[in-house]
Protein chains: 2
Amino acid sequence: MPKDVIKSADRVFGVLELFRDQQAPLTATEICKYLSYPKSSADALLKSLVSLGYLTLDSNTMRYFPSLRVTQLGEWLPRLLLGEGDTLSMLDELHKFTGETITLCMPNGLAMQFITVIPGTFPISLTIREGQTIPIFATAVGIAQLATRSTEDIQKLAQRANRRTTRTDERVDIDVLKAEIETARSNGYVEAYDRVLTDTGAIAMALPMSQLDRTLVVAVGGLSERIKTNRTQIIQKMRQAVWQLGHSEAS
Amino acid sequence: MPKDVIKSADRVFGVLELFRDQQAPLTATEICKYLSYPKSSADALLKSLVSLGYLTLDSNTMRYFPSLRVTQLGEWLPRLLLGEGDTLSMLDELHKFTGETITLCMPNGLAMQFITVIPGTFPISLTIREGQTIPIFATAVGIAQLATRSTEDIQKLAQRANRRTTRTDERVDIDVLKAEIETARSNGYVEAYDRVLTDTGAIAMALPMSQLDRTLVVAVGGLSERIKTNRTQIIQKMRQAVWQLGHSEAS
DNA sequence: TTGTATATTTCATATATATGAATTACACTA
DNA sequence: TAGTGTAATTCATATATATGAAATATACAA
């Protein structure tokens with residue numbers, strides 16, 4: 001567990017993630033086994049989740065299962081962040097076309113967070129875990145996201161990042177950043193090779209603006225050489241797919 | 001806060017519910033105000049949720065907002081519990097037709113839990129809070145749900161409930177219960193007037209079987225006299241709406 | 001009905017978290 | 001640049017939670 005995370009909070013999501021992955025009712029003992037919790041701790045937590053209405057318990061089988069109130073916590077988000085388009089279909093389309101790892105990210109503090117990852121089909125593919133984060137300043141997805149913001153906002157963020165870090169090699173060179181942003185805005189996409197992730201190339205594009213100042217980014221990533229070789233087709237397909245997303249009607 | 005609920009668990013959902021209701025980025029101070037948390041407690045929790053990837057932080061505005069990972073926790077549930085039909089539209093349709101309070105419940109232990117509540121349009125309407133629970137044995141929605149289970153399961157549940165209660169007036173009369181189940185199965189709906197809720201009448205129907213043994217129930221509820229007066233039309237409309245739901249194609 | 005195995009609950013204690021006051025950081029204005 | 005107001009962080013202490021062992025409950029088979 002990451003340091004400085006409240007244990008119960010981590011466990012709440014651990015339980016919900018387990019159900020999301022298993023998609024079946026589970027007993028307390030099964031949940032304990034999967035998540036390596038002490039029995040009485042898990043029991044207290046599960047009872048809390050039932051009292052709060054987020055888990056249901058079948059009193060005959062003693063199996064727990066999430067309630068639809070879990071769905072209600074998050075079902076309102078896609079429309080605000082993604083609009084009416086079918087983003088998942090778009091990601092699948094990119095995946096079918098390229099065979100590479102397709103990712104959807106959203107900005108989070110000084111990082112980009114991977115929301116959705118569709119793994120590449122090649123033996124050598126970019127491997128990223130959903131939920132993982134990556135720096136916002138030195139990556140294709142980060143630059144693509146920053147390019148959607150005002151120059152003023154970007155400058156404030158860079159200054160804040162520089163205040164926070166003590167290591168000189170982590171400092172953001174604002175002039176270099178500005179140039180990259182310019183290129184990104186001009187091209188409508190960002191390419192990055194062998195940067196934060198070794199041997200990895202990525203081409204990133206911002207999605208049509210969300211209703212909030214949290215523009216999401218889609219990226220195609222994989223072995224640098226392969227991405228470079230196919231860059232023209234990848235960029236073309238991404239442009240088409242993102243354009244289509246922005247012009248889909250409410251379904 | 002309900003007794004015996006872990007404080008942090010309650011607060012995790014409190015934060016997510018706040019965002020679901022507000023649908024806008026919020027600062028830590030705003031969240032503190034809305035939820036009445038001490039600042040340092042809320043800060044620790046918010047930082048945990050960010051570390052876990054469920055909240056995002058805009059470092060310029062210092063505003064938090066949920067990430068799409070919250071959506072992923074619950075978006076898989078409706079298909080398993082409700083099938084492919086558009087249940088919300090069905091509830092809206094019933095609401096337009098009857099003007100009464102429409103509820104969607106799922107079973108939880110020895111109770112039925114209200115997942116969705118569309119308030120009635122009459123000055124005197126049934127008022128129920130989403131998340132609230134009601135006993136499974138003495139209510140229209142409870143009987144409707146139990147009627148979808150085997151006689152054996154129902155008997156075990158009743159015995160378990162009777163073991164648990166000490167009050168004789170709360171004991172389940174298994175013969176009365178069996179008769180009510182019979183009537184429910186025969187009619188395809190359940191009516192109850194002036195039972196657990198004073199002056200309240202309700203007509204309940206089970207939804208087409210979910211893929212799990214957790215059949216949900218829809219109910220029309222309101223002032224007993226009004227429900228009685230309109231019972232024929234209500235039952236007819238509910239039958240039609242529920243049938244249509246069970247025969248909708250994958251969209 | 002009795003015995004056995006597994007699940008659930010209880011309890012004393014160790015560890016984690018919550019709290020409010022104090023301190024530090026940051027943004028904005030003059 | 002300096003001052004002010006607000007936000008964020010830190011810290012000592014009180015309270016809540018986690019834990020593992022023990023006790024109790026439940027289900028099932030003989």
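To find a chain, count down the sequence lines: A is the first, B the second, and so on, and within it residues start at 1. Only a predicted model underlies this, so the values are computations on that prediction, with no experimental measurement involved.
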In whole angstroms, how far is the [atom2] atom of [N] from the [atom1] atom of [X]?
X	N	atom1	atom2	result
B/Asp153	D/dA27	CG	P	12 Å
A/Ile31	C/dA7	CD1	P	13 Å
A/Leu45	D/dT19	CG	C1'	14 Å
A/Asp10	D/dA18	CG	C1'	14 Å
A/Tyr37	D/dG20	OH	P	14 Å
A/Met62	C/dA5	CE	P	22 Å
A/Gln155	C/dA27	CD	P	13 Å
A/Tyr64	C/dT8	OH	C1'	9 Å

Self-check item: Contact check, side chains of B/Ile6 and A/Val12, non-hydrogen atoms, under 4.5 Å
Solution: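 Counting from C-beta outward, B/Ile6 and A/Val12 never come under 4.5 Å.
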Quiz item: Do A/Pro107 and A/Arg149 come within less than 4.5 Å of each other through their side chains, counting heavy atoms only?
Solution: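 Yes - at least one pair of side-chain heavy atoms lies under 4.5 Å apart.
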Between [options], spot the one nearest the side chain of [X], thanks.
X	options	answer
A/Ser41	D/dT9, D/dA18, C/dA18	D/dA18
B/Asp43	D/dT9, C/dT10, D/dT17	D/dT9
A/Lys7	D/dA21, C/dT17, C/dT19	C/dT17
B/Ile6	D/dA18, C/dG20, D/dT19	D/dA18

Categorize [X] for me: base, sugar-phosphate, or nothing, with a 4.0 angstrom heavy-atom threshold over every strand shown.
X	value
B/Lys39	nothing
B/Lys47	sugar-phosphate
A/Thr29	sugar-phosphate
A/Ser8	sugar-phosphate

Quiz prompt | From B/Thr139, B/Val217, B/Leu216, B/Val190, residue fulfilling side chain to side chain contact (heavy atoms under 4.5 Å, CB included) relative to B/Gln145 | solution =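 Only one option passes, and that is B/Val217.
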Self-check item: Between the first and last five pairs of the helix from C/dT1-D/dA30 to C/dA30-D/dT1, the angle of the axes, rounded to 10 degrees
Solution: 40°
Practice problem: Using the closest heavy atom to pick a nucleotide of DNA chain D for each, name whichever of A/Ser40 or A/Asn60 lands nearer the 5' end. | Solution: A/Ser40
Exercise. Specify the residue among A/Ala44 and B/Lys156 whose closest nucleotide of DNA chain D lies further upstream toward the 5′ end.
Key: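 Nearer the 5' end of the strand: A/Ala44.
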Quiz prompt | Side-chain ion pair, A/Glu180 and A/Arg195, N-O less than 4.0 Å | solution = yes
Exercise. Measure the acute angle between the ring planes of B/Phe65 and B/Phe19, then classify it against the limits of 30° and 60° as parallel, tilted or perpendicular.
Key: perpendicular
Quiz item: Under 4.0 Å: is that the gap between some side-chain N or O of A/Arg11 and OP1 or OP2 of D/dT19?
Solution: yes
Exercise. Give a yes/no on whether any side-chain N or O of A/Arg160 is located under 4.0 angstrom from OP1 or OP2 of D/dA8.
Key: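 No.
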Quiz item: Do you know the tightest heavy-atom contact between A/Leu207 and A/Val218?
Solution: CD2-CG1, 3.9 Å
Self-check item: Least distance between heavy atoms, B/Ala184 atom then B/Ile143 atom
Solution: CB-CG2, 4.1 Å
Practice problem: Keeping the roles fixed (side chain from A/Thr200, backbone from A/Thr198), state whether a donor-acceptor pair exists under 3.5 Å. | Solution: yes
